[in-house]
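Within every chain, numbering begins at 1; the chains are lettered A, B, ... in the order of the sequence lines, protein sequences first and strands thereafter.
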Amino acid sequence: MNSQIIFFILSSLSLVSALFVVFSKNPIYSVMWLIVCFISIFGHYLMLNAQFLAIIHLIVYAGAIMVLMLFTVMLLNLNKESEPHKSPLPKVAAIISGGLLLLVLLAAMHSGSLPGYISPDLTDTGYVQKVGIKIFTDFLLPFEMTSILFIAAMIGAVVLAKKEKH
Amino acid sequence: MTIFIFKAVLIFIIFLISLGIAAYSTYAERKVAAFLQDRIGPDRAGPFGLLQPLADGVKMFLKEEIIPTVSDKWLFILGPCLFMVTALMTSAVIPWGMPLEIGGKIYKLQVADLNIGILYILGVVSLGVYGIMIGGWSSNNKFALLGAIRASSQMISYELAMGMSVIAIILISNGSLSLTAIVESQKGLNWNVFYQPVAFLIFIICAFAECNRTPFDLPESESELIGGYHTEYSSMKLGLYLFAEYINMFISSAVISCLFFGGYNFPGLDYLNTVLPVNLVSLISIGILFVKIFFFIFFFMWIRWTIPRFRYDQLMRLGWQILMPLSIINVLVTGAVLTFFNK
Amino acid sequence: MEQLEQHANPQSWYLVLSTILFSIGVMGVLFRRNAIIILMCIELMLNSVNLLLVSFSAYSGNSDGQVFVFFIMVVAAAEVAVGLALLVSIYRNVASTDIDVLSKLKW
Amino acid sequence: MTWIERLYLPAIFQGLSITIKHLFKKKVSLRYPEVKRAFAAVYRGMHVLKRDEQGRENCTACGLCAVACPAEAITMVAAERKKGEENLYREEKYAAIYEINMLRCIFCGLCEEACPKDAIYLTDRLVPSEYSRGKFVFGKDMLVEAVDQRIDISKRKKVYEI
Amino acid sequence: MDNYSELINLMRPAMLIPLFPLLGFLIIAFFGKSLKHFSGWIACLSILASFFCSLYLFINLSSNQKLDFTVFEWIRWGDINLSFGLLVDPLTIVMLLVITGIGFLIHVYSIGYMHTDEGFSRFFSYLNLFIFFMLILVMGNSYLIMFIGWEGVGLCSYLLIGFWFKNQAFNNAAKKAFIMNRIGDLGFLIGMFFMLHYFGGLDYNLVFSAAQSHPKGSTLLVTITLLLFIGAMGKSAQIPLYTWLPDAMAGPTPVSALIHAATMVTAGIYMICRSGVLFALAPQTLEVVLIVGVATSLFAAIIGLKQNDIKKVLAYSTVSQLGLMFVALGLGAFSSGMFHVVTHAFFKALLFLGAGSVIHAMGGEQDIRNMGGLKKYIKITYITFIIGTLAISGIFPFAGFFSKDEILAASFAEYKLVWILMSFSSMLTAFYMFRLYFLTFSNNFRGTQDQQHHLHESPATMTIPLIVLAFLSVIGGLLGLPVVMSHTHLFSQYLEPVFEVSKNIIGAQHNLAHRTEWVLMGVATLAAIASVFVAYNLYISKKILPEPDADVKGFTKWVANKFYVDEFYNKVFVRPVMVMSDIFFVLIDKLFIDLFVNAVAWIVGFTGRTMRLVQTGNTRFYIFAMVIGIIILLYCQLVHPFLNVYFN
């Protein structure tokens, strides 16, 4: 029962914070709520015994990506939505289509064979050794590719963000 | 259930010790500064001024609580809280000593023995940026924002080299990420610092930067930015910021002791283990760890009152162009040496 | 956290949770006009997928799913770095991150 | 710079050794209220307006001190001595109001030099601290020495006599 | 496979052989700009390393062993499995030694020759690439790998002929070589398809064992071998595909020496030797080879008589010698053919390099009418050149004598007529070579004052390879002393295991009596000396000079203009194709295809113009459309059971 309670607390936290990400007026608040959401997902990962991934998630998302987001929002000074009021039609359409997608996906799951009450196989799947061995044997090539992707992205970001000299 | 009670008590004690050490660090800082400058330092409140932290605390509490009207109130309050929380959270994975034996049961002196202990520390440290950024931004003050941005970019930059230097340590301590395992692998005088001096150097430099201590205290450099990110803060919220910095210093000293100086290990521990009762040995080991921690706290202060502050570009160059490559080379060399000589 | 107790949450809960998170992300992309928030909503969607993969990995006792998540994180980080750099340079030109303003895609 | 010097580490260790040496040096601090540092003979502190042996004020409001003052800190209003005030003022003219703005005063001692009547002296007393700026304009109540509490200025006089 | 582990140890050096030039190529290609003249030495070193590896293999691999292994799996579909594998046997080793050895010498020579050229490192990168492909060609263990090298050397040849790409004529020569080779390659390729289809693979082992199950002379085998021979004709410049080789002299002289004399053009010979089993099973094809070889040899020799460009003479002599080699192959004397390949590589490389040295001394002048009397000025070149000339003329005891004699003896044993024709061809060769030699080195200098002033001996990097090659040209024949002179024929004994199967298929060869052989040798030597004497009489005693191009008349004009073969090809092949393409352009392209294409374009344009209205430029609209699309798709695919049927 304990784990169910934790699950519901974490899930409601992540859902509520995700909603706040979308509906907060102030971008800074959106960023903060997204961080909360990520931390709740961190909790989910721990629940699923993926400790290594949980920490990596924390370091990468909360520690790096969101700092970058916050940084940009602060630098661009987007503290208030200074956009003029526009027609609410797109927003209504957004909500409707989001809801439709949810319905379709849930319906698809329902019609398909959902994994039922399988008890989780809480072995050492999430341990560093296991994941590391996977990465450096079966997934070595993708791993190297991602490193290339990464360096390309880094160079690209530097080039893009650098001020052009006139 | 007793394990939970024990853990709760342990957490509480660590909390108190952290606060206490942070409080006395402020006192020690002033004392050390004074001594290094041929002065005496605070000595009025209590014998040798030992009650000075208390007086400072009281003063902080009694100061007027100011929240700027143009600031974002919630974030303004959230900032110091976050900073304090992240500072305290790090202490969860540090092994404080040999296990205690109470009522025939063995209790580890560690809140949580995660098998990813070091990563946990890095992760929590990376969260520490938020406290500073939020506080600095929500103050709605140019100096505070500049301080916050400096702090965040500095912390992100140095975190990388820090992580890389830790990898070398993981390599030589049987590939375990758990702090207990790392400490256990340094029995006797088999300390990592002797095998990994370069990693130690990188780590300690990065620790200075992560704690925003001189010579890396650009985020709060009073001569340029008044107070940096906490320019607008006053009263106990300022107190929290200052306090949390000292807690950070304490924790990073503890981490350095555990990673590089054998934690609670000292030569002769095994011998004592055979002669003395378990709990006494445990207490001695705790004492040893704290001696090391105090040395590093002193070292932090010593450095602060010796070396002047970097310029911002120098800081970035040091982080990216020197420490980063150096730590990567260190990892490569360590790996190569391990591969060629251990097989 | 030393050893999590065996829990019996059905995996369908994770499926539903990540589906809802994904839908919220999609809705956010459509709802907001600020490009940074759109980026954030994309991150949200990626994370819902990550959660799903991790749950599959945990329930099937195979680490592959976690490796995928690892790669997704790399891609996400790269995406954010480039995306934000783009946004900053766009902001320099048009002083806005409103994607309705960015109609230069029109020929 | 050589390669070793470029590392900066030797320099850092050198700096650290210097500071650690100071840890063990004799401290120079004094515990102030209990232990005080002796003033120099020529220390120029708060002013005093002197009286003569019979308790009469020396000042005749000639205004030379105000003229000499580079910071223009001294203002005075002269008045004529009335009958029956001979025991108060030494000569026919005296300063009815004599004010020194202590925030402007630079304690240069020119007023002392300018005074022909040995009326004003700078002493080794410290200017007391106040809470408002207005209170730093010291009037005669603060400056003139009390009859029963003469302030010893012999050291300074001696200096001039040489 | 007697000593398995020992062979395993040889795999690594075998793999290293092609890798060194590749490495050299990559280094020079990427860092050539910064390496400057250092790149020449890198190129040399890489070839030298390959040479030593080849030597190592030569020493460690006895002649009845062979190394055949797969480096990596490459293509696999169905039952067909094409892997990248290497084969090292005596035949390969002979080629390897020739390629890397002579290649190294020519690399060294090039350092001196190309010293002032602005494309110095580009040149060496091409050379290294060429060596790499050539090594792949000879080391492959299947026709596919050979074809990779085959095409690769073709590419390098193209690049190097057009090395001075600012000159349009040179570019045209390069294109001509490339296209001519393509015609041959098409034959090769189709042959490969046949093999793939009927034998189920391209590995030599597989093909040869499969071919032996077919009857001797069956249509299939004849077809395949003819197609392969077309490929060989293209690469080895045989009639009718020979015209590219003289034009290929547009490239730098070391290229002519390496590619168009010593190595690449012998690829055709190598290929036929390698597929000896196939050819032996198709006697009809061997006859075709013989006829083509004889015709080419004679034809090119006749043209060579009247050429005045020093390199053109050598080029036609190369064609002629290649024809001689094909004659050997056509007679089924594979090892004799290979022997001539080796000796020819020595002396022809020497002659080309000597010609290069002459051109170098003359400051770029190539017309022998403007030379003369050079022996006073360039001693080393002169001496080495005369050695080369003697060798090619087949005068005892130089290298050419032995190899030529072997082929002549073989032809005498089989067809007397061929023997007569080939002897005549040899005489012609001796004649025009001495003509070249006399006109170039004897008498007085006929060039301008400037040129005379400029005359100088080449640097050591150029002369040392000349000396080494001259030495080889002298002693090269000792590799294959005929049986009449010594106990064993070293060369053919070494190669014997390779050609064992094909020998058995062809059947017993006619063996000549020793006396007959001595007589044949005597006749050949006398004939050669007679032609030398005629040449001496004409060009030294009578001091006849070739007349200027305008004064040439009659049959000589035909010869001087190479029998108008190029013009003939232009008229017969190129012109009709052009006319046809004009007709097709007007009739089919303009009327039919354009209409169709334009209609499609218009429809696309119309749709585009219409659809453009959807392109609002508003990012949010796009995202919205995308999401809606996804919803619909998911609905159809996953949820709606009725639509599900149709989508699946």
Side-chain angles (χ1 to χ4, degrees), chain A residues 2-4 7 11 14-15 18-19 21-22 27 30 34 41 44-46 48-50 53 56 60 64-65 68-69 72-73 76 78 83 91 94-95 97-98 101-102 105-106 109 114-123 125-126 130-131 134-135 139 142 146 149-150 153-154 156-157 160-161, chain C residues 1 4-13 15-17 19-28 30-34 36-37 40-41 43-44 47 51 54-55 57-64 66-67 69-71 73-78 80-82 84-89 91 97-98:
Chain A
N2 246 345
S3 68
Q4 294 190 2
F7 177 83
S11 305
S14 41
L15 289 178
L19 285 174
V21 171
V22 176
S30 287
L34 192 55
I41 288 174
H44 279 298
Y45 287 169
L46 282 184
L48 290 165
N49 220 15
L53 208 65
I56 295 294
V60 172
I65 292 182
L68 210 59
M69 291 269 187
T72 320
V73 174
L76 301 187
L78 303 171
E83 53 204 43
K91 300 200 167 177
I95 293 172
S97 52
L101 184 68
L102 178 63
L105 282 173
L106 286 180
M109 275 184 207
L114 262 186
Y117 279 72
I118 322 161
S119 98
D121 198 355
L122 282 186
T123 48
T125 43
K130 258 281 180 81
V131 178
K134 275 274 182 204
I135 288 176
F139 296 92
T146 48
L149 169 80
F150 223 41
M154 259 166 78
L160 279 172
Chain C
M1 256 177 280
L4 284 170
E5 61 178 292
Q6 291 275 325
H7 62 96
N9 298 341
Q11 202 198 346
S12 54
W13 291 7
L15 291 184
V16 173
L17 173 65
T19 311
I20 298 175
L21 274 179
F22 188 83
S23 305
I24 292 175
V26 171
M27 187 177 73
L30 295 173
F31 192 83
R32 299 300 294 257
R33 283 187 288 168
N34 189 333
I36 293 183
I37 294 180
M40 278 158 53
C41 290
E43 292 300 315
L44 193 60
N47 263 279
L51 181 59
V54 172
S55 81
S57 153
Y59 279 81
S60 61
N62 187 345
S63 309
D64 285 4
Q66 303 196 12
V67 179
V69 174
F70 190 78
F71 292 143
M73 281 180 188
V74 175
V75 173
V80 165
V82 175
L84 287 180
L86 273 174
L87 275 180
V88 169
S89 56
Y91 189 83
T97 53
D98 186 342

Problem set entry | Residue pair Phe139(A) / Phe71(C), side-chain heavy-atom distance below 4.5 Å | yes
Problem set entry | Side-chain heavy-atom pair Lys134(A), Gln66(C) within 4.5 angstrom cut-off | no
For this session: Taking the side chain as every heavy atom from C-beta outward, state whether His44(A) and Ser11(A) have any atom pair closer than 4.5 Å.
Result: yes
Seminar exercise, completed: Bottom line for Ala18(A): the part with an atom under 4.5 Å from chain C's heavy atoms is both
Exercise. Taking Ser89(C), Ala77(C), Gly25(C) one by one, which has the highest count of heavy-atom pairs under 4.5 Å against chain A?
Worked result: Ala77(C)
Exercise. Contact part of Ser97(A) toward chain C, heavy-atom cut-off under 4.5 Å: side chain, backbone, both or neither?
Worked result: side chain
Exercise. Under a 4.5 Å heavy-atom cut-off, does chain A meet the side chain of Val74(C), its backbone, both or neither?
Worked result: both
Exercise. What residue in Ile20(C), Asp64(C), Val88(C) has the most heavy-atom pairs under 4.5 Å with chain A?
Worked result: Asp64(C)
Problem set entry | Close side-chain approach of Met40(C) and Ile36(C), heavy atoms under 4.5 Å | yes
For this session: Go through Leu44(C), Leu21(C), Asn47(C) and name the one with the most non-hydrogen pairs under 4.5 angstrom from chain A.
Result: Asn47(C)
For this session: Among Ile135(A), Leu102(A), Val60(A), single out the residue with the greatest number of heavy-atom pairs under 4.5 Å to chain C.
Result: Leu102(A)
Exercise. For the candidates Ser30(A), Gly156(A), Ala64(A), which exhibits the highest count of non-hydrogen atom pairs separated by less than 4.5 Å from chain C?
Worked result: Ser30(A)
Problem set entry | Among the listed options Leu149(A), Ile65(A), Leu101(A), the residue most often paired with chain C at heavy-atom distances under 4.5 Å | Ile65(A)
Exercise. How many angstroms lie between atom OG of Ser55(C) and atom CG of Leu17(C), to the nearest 0.5 angstrom?
Worked result: 9.5 Å
Exercise. Would you say Ile37(C) and Phe31(C) make side-chain contact, with heavy atoms under 4.5 Å?
Worked result: no
Problem set entry | Pairwise side-chain contact, Leu53(A) with Leu48(A), heavy-atom cut-off 4.5 Å (strictly under) | no
For this session: Using the six-membered ring wherever Trp is involved, compare the ring planes of Trp13(C) and Phe7(A) and label them parallel, tilted or perpendicular (cut-offs 30° and 60°).
Result: tilted
Problem set entry | Choice from Val80(C), Val82(C), Val54(C) maximising heavy atom contacts with chain A below 4.5 Å | Val54(C)
Exercise. Which bit of Leu68(A) comes within less than 4.5 Å of chain C, counting heavy atoms only: side chain, backbone, both or neither?
Worked result: both
